[in-house]
Amino acid sequence: IKDPKICPLPVPYFTGQQQILKKMFQYFRKDLGTRHIFVVHGRSGAGKTEVALKFIQNSQLKSHFSEIFYVDASCIQTLETDFKMIAPSVVGDSVNASLRWLASKHEEWLLFFDNADDGHLSISDFFPPCTFGNILITTRNREFCVHGAAFELSTMKIKDAQNLLLTLAREPIHKEEKDFALAIVKKLHCFALAVAQAGSYIHAHSTLKEFEPLYQNHHAKLQSHAEIQSQDIYSQAVYITWDLSYRKLSPPAKTSLQIFSQIHQEGITEEMFQNASLTGERLDDSNLQDEVARLLTDLGKTENGWNCLIFRERIRELQSCSLIKENLGDNSISIHPSVQHCTDCQDIKTIKKCVVGIIALSISFKAAQYIYKYKILPHINKQTELSIFMQNTMAADNITSMLEEQGQLAKVELLQIAICKRREQVLGKEHPLTLTSKANLASTYMNQGKWNDAKTLLTTLLEARQQVLGPKHPDTLISRESLAVAYSKLGQQEEALNLEFQVWAARECSLGKNHAATLHSLKNL
């Protein structure tokens, strides 16, 4: 059963941006029945996604669009995965099926591509082939503006930034407080994310009066940091306000934020950490297992299972600092890419390894559930140290099959090579699981057209299976048949035909001449 992604709501404290909201409203309401494409572009942290979500919320209140389809376009994997979920199951489970289905719906639907920042992404490939419908794109990539009407979102109007700060600071509003707020937002260059983080910090730890000198002093202290020196004034404002809040977090909340910075920015769920805590599986590296268990304890793992109240407390603390956002529609958490970047600047190499361990344990608990696989894939794709998944070979097998479904054969190959080496070390070269792993790797070579690599591996695999299983075992015959394909692709037709003949003769002898497998072999001769 498909579970299309729910479009998030804007933050409850959304303020201002009336100019772009009015322009979007006017654009989408004119010439109904024709194709509309609107691009909101600007730097990270300017508030592009929140503006788009506010527009969608306002439009839904007025029933302007028949349906809203939200697509995480931050990378090709999430884009394709979300897009496949749009069309009903009876229509199909592919990007093309969803494209055709949208093109058949003569309605005022809205397709929202969020965070389409990858310059190598061909976003137009995901536009339905029709002359109607509505498309909204948020991006840092100015080049996407060629697709339709565009608006650059830079900084907030000073009055709007002041109001946002006052709303989040939640202090009694008098003239003096307004003056302090005005001075602060000027220091922050009226940049949306920096203003939001500053307002949340003031509410929790300071006052409007105290914040400006505090910010200036902290700015001066950080001037020697590499993270500051290489950034523009807007990114500096985000980093400084982030750092002020980060230093005030409790140790478990810091751990939580560090973990969130290493997984995909959207679709973070309690379920992932709960599954990792409840599984009976363990990582092969006992030291890594102990470190993962310690981190999960900060999130909610207990001796008897899982305490959701502890997890809720971590989320509450981070959300109160505007460091994460909770999406009530699907009970997921999102973290702004700029916040991820700030947190990733910290020395958290151990966290990176532990995150892979958490994902591996989580998958070993619920790998069979399609919906859970769909949810966890973006977090797998975010990981660069795939070899760490080998700390749990069951999880590694599940991950390779999931990546294979996504067509990520290069990653599948790397994991399968590691699986083969690991199983040779632990189980031995002739163990059935080791041989199966080699067969899977050979298949991946073939799917990528790496016929020399496939031939080399299949030759050794065939020899091993003949010795362990016998020459007429079905697995042995499959290896011989695969090797014949490799020979044929390499132009060695005589060797290929000789192997095909052996397969046909063995199958006729064991299965009979009219068996489907025998007839298949005969057809190959």
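Using modelled atom types and a 3.5 Å distance limit, the side chains of T444 and N447 yield no donor-acceptor pair. No donor-acceptor contact under 3.5 angstrom links the side chains of S332 and E266, judged on distance only. One side chain, K54 or Q57, offers a donor N or O that lies under 3.5 Å from an acceptor on the other. If you check the side chains of S200 and S322, you find a donor sitting under 3.5 Å from an acceptor.
Annotation: side chain of L164 is in contact with side chain of L168 (closest heavy-atom distance under 4.5 Å). At least one side-chain heavy atom of K23 sits less than 4.5 Å from a side-chain heavy atom of F38. The shortest distance between side-chain heavy atoms of F191 and T241 does not fall below 4.5 Å. Contact check for Q265 versus S74: side-chain heavy atoms found under the 4.5 Å cut-off. By the 4.5 Å heavy-atom criterion applied to side chains, L403 and L415 are counted as neighbours. Using a 4.5 Å heavy-atom cutoff, the side chains of L318 and I333 are not in contact. Within the 4.5 Å cutoff, side-chain heavy atoms of I324 are placed close to those of L257.
Smallest separation of non-hydrogen atoms from A97 and V91: O-CG1, 3.9 Å. Between S256 and L299, the closest heavy-atom pair is OG-CD2, 3.2 Å. Scanning both residues, I37 and I137, for their nearest heavy atoms gives CG2-CD1, 4.3 Å. Of all heavy-atom pairs spanning A73 and L79, the tightest one is CB-CD1, 3.8 Å. The minimum heavy-atom distance linking C130 with W109 is given by the pair SG-CZ2, 4.0 Å. Taking every heavy atom of both residues into account, I135 and L110 meet most closely at N-CD1, 4.1 Å.
Each of N327, V71, D72, T78 was compared with K5 under the side chain to side chain contact (heavy atoms under 4.5 Å, CB included) criterion, and only D72 meets it. Looking at F65, Y70, F126 one by one, the single match for ring-ring contact (aromatic ring centres under 6.0 Å, His included) with F112 turns out to be Y70.
Legend: residues meeting side-chain hydrogen bond (donor to acceptor under 3.5 Å, both in side chains) with S59, ordered by chain and number and at least two apart, are absent. In this structure D31 satisfies the salt bridge (charged side-chain N to carboxylate O under 4.0 Å, His left out) test with no other residue, sequence neighbours excluded. Checked against ring-ring contact (aromatic ring centres under 6.0 Å, His included), F113 has no partners two or more places apart in sequence or in another chain. The side-chain contact (heavy atoms from CB on, under 4.5 Å) check on S338 picks up S44, L193, V238, H336, with sequence neighbours excluded. Not counting sequence neighbours, the partners of E108 by the side-chain contact (heavy atoms from CB on, under 4.5 Å) test are L32, N134. Residues satisfying the side-chain contact (heavy atoms from CB on, under 4.5 Å) criterion with N331, sequence neighbours excluded, are absent altogether. For E326, the salt bridge (charged side-chain N to carboxylate O under 4.0 Å, His left out) partners are R312, not counting sequence neighbours. In terms of the salt bridge (charged side-chain N to carboxylate O under 4.0 Å, His left out) criterion, E270 has no residue partners (sequence neighbours excluded). With sequence neighbours excluded, the residues satisfying side-chain contact (heavy atoms from CB on, under 4.5 Å) with A181 are Q162, L165, L166, L208. Here K254 pairs with nothing under the salt bridge (charged side-chain N to carboxylate O under 4.0 Å, His left out) rule; sequence neighbours left out.
Under a 3.5 Å cut-off, the side chain of K450 and the backbone N or O of Y445 do not form any donor-acceptor pair. Not a single donor-acceptor pair under 3.5 Å links the side chain of R35 to the backbone N or O of T131. Side chain of S320 to main chain of E317: a donor-acceptor pair is present (N/O by atom type, distance under 3.5 Å, no hydrogens or angles). Side-chain atoms of T138 never come within 3.5 Å of backbone atoms of K48 as a donor-acceptor pair (strictly under, hydrogens ignored). In this structure, the side chain of S104 engages the main chain of W101 through a donor-acceptor pair within 3.5 Å. Side-chain atoms of Q340 come within 3.5 Å of backbone N or O of F260 as a donor-acceptor pair. For S362 (side chain) and I358 (main-chain N/O), no donor-acceptor pair under 3.5 Å exists by modelled atom type. A side-chain donor-acceptor contact under 3.5 Å links T139 to the backbone of A116. In terms of modelled atom types and a separation under 3.5 Å, the side chain of H379 and the main chain of V356 share no donor-acceptor contact. Of the possible donor and acceptor atoms, one in the side chain of T81 sits under 3.5 Å from a partner among the backbone N and O of Q77.
Separation of atoms CG (L244) and CD1 (I202) is listed at 10.0 Å; rounding is to 0.5 Å. Note that CD of E177 is 10.5 Å distant from CD1 of I184, once rounded to the nearest 0.5 Å. Taken from CG in L214 to NE2 in H219, the straight-line distance is 13.0 Å, to the nearest 0.5 Å.
Aromatic ring centroids of F144 and H41 lie 6.0 Å or more apart. For F55 and F28, the ring centers are positioned less than 6.0 Å apart. Checked against the 6.0 Å centroid threshold, H147 and F127 count as a close aromatic pair. Residues F25 and H64 place their aromatic rings such that the two centres sit under 6.0 Å apart.
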From CA spacing to verdict: side-chain hydrogen bond (donor to acceptor under 3.5 Å, both in side chains), N381, H264 = CA-CA 8 Å; N381 288 324; H264 188 60; over 6 Å; no
key: side chain to side chain contact (heavy atoms under 4.5 Å, CB included) evaluation trace for F83 with L102   = CA-CA 11 Å; F83 213 91; L102 286 169; 4.1 Å; yes
request  = Take S235 and D232 through the side-chain hydrogen bond (donor to acceptor under 3.5 Å, both in side chains) test and state the conclusion after the steps.
outcome  = CA-CA 5 Å; S235 298; D232 59 30; 3.1 Å; yes
key: side chain to side chain contact (heavy atoms under 4.5 Å, CB included) between L249 and C321, worked out   = CA-CA 9 Å; L249 292 176; C321 300; 3.9 Å; yes
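The 12-atom threshold is exceeded at CD of Q448, counting heavy atoms of other residues, nucleotides or ligands nearer than 6.0 Å. Within 6.0 Å of NZ in K105 there are more than 12 heavy atoms belonging to other residues, nucleotides or ligands.
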Contacts under 3.5 angstrom, residues 7-21 side chains, donor-acceptor by atom type, not counting sequence neighbours:
unit_1	atom_1	unit_2	atom_2	d
T15	OG1	Y13	O	2.8
Q18	NE2	G16	O	3.2

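Applying the salt bridge (Lys or Arg N to Asp or Glu O under 4.0 Å) definition to pairs two or more places apart or across chains, those involving residues 127-142 are D117-R140, R142-E152.
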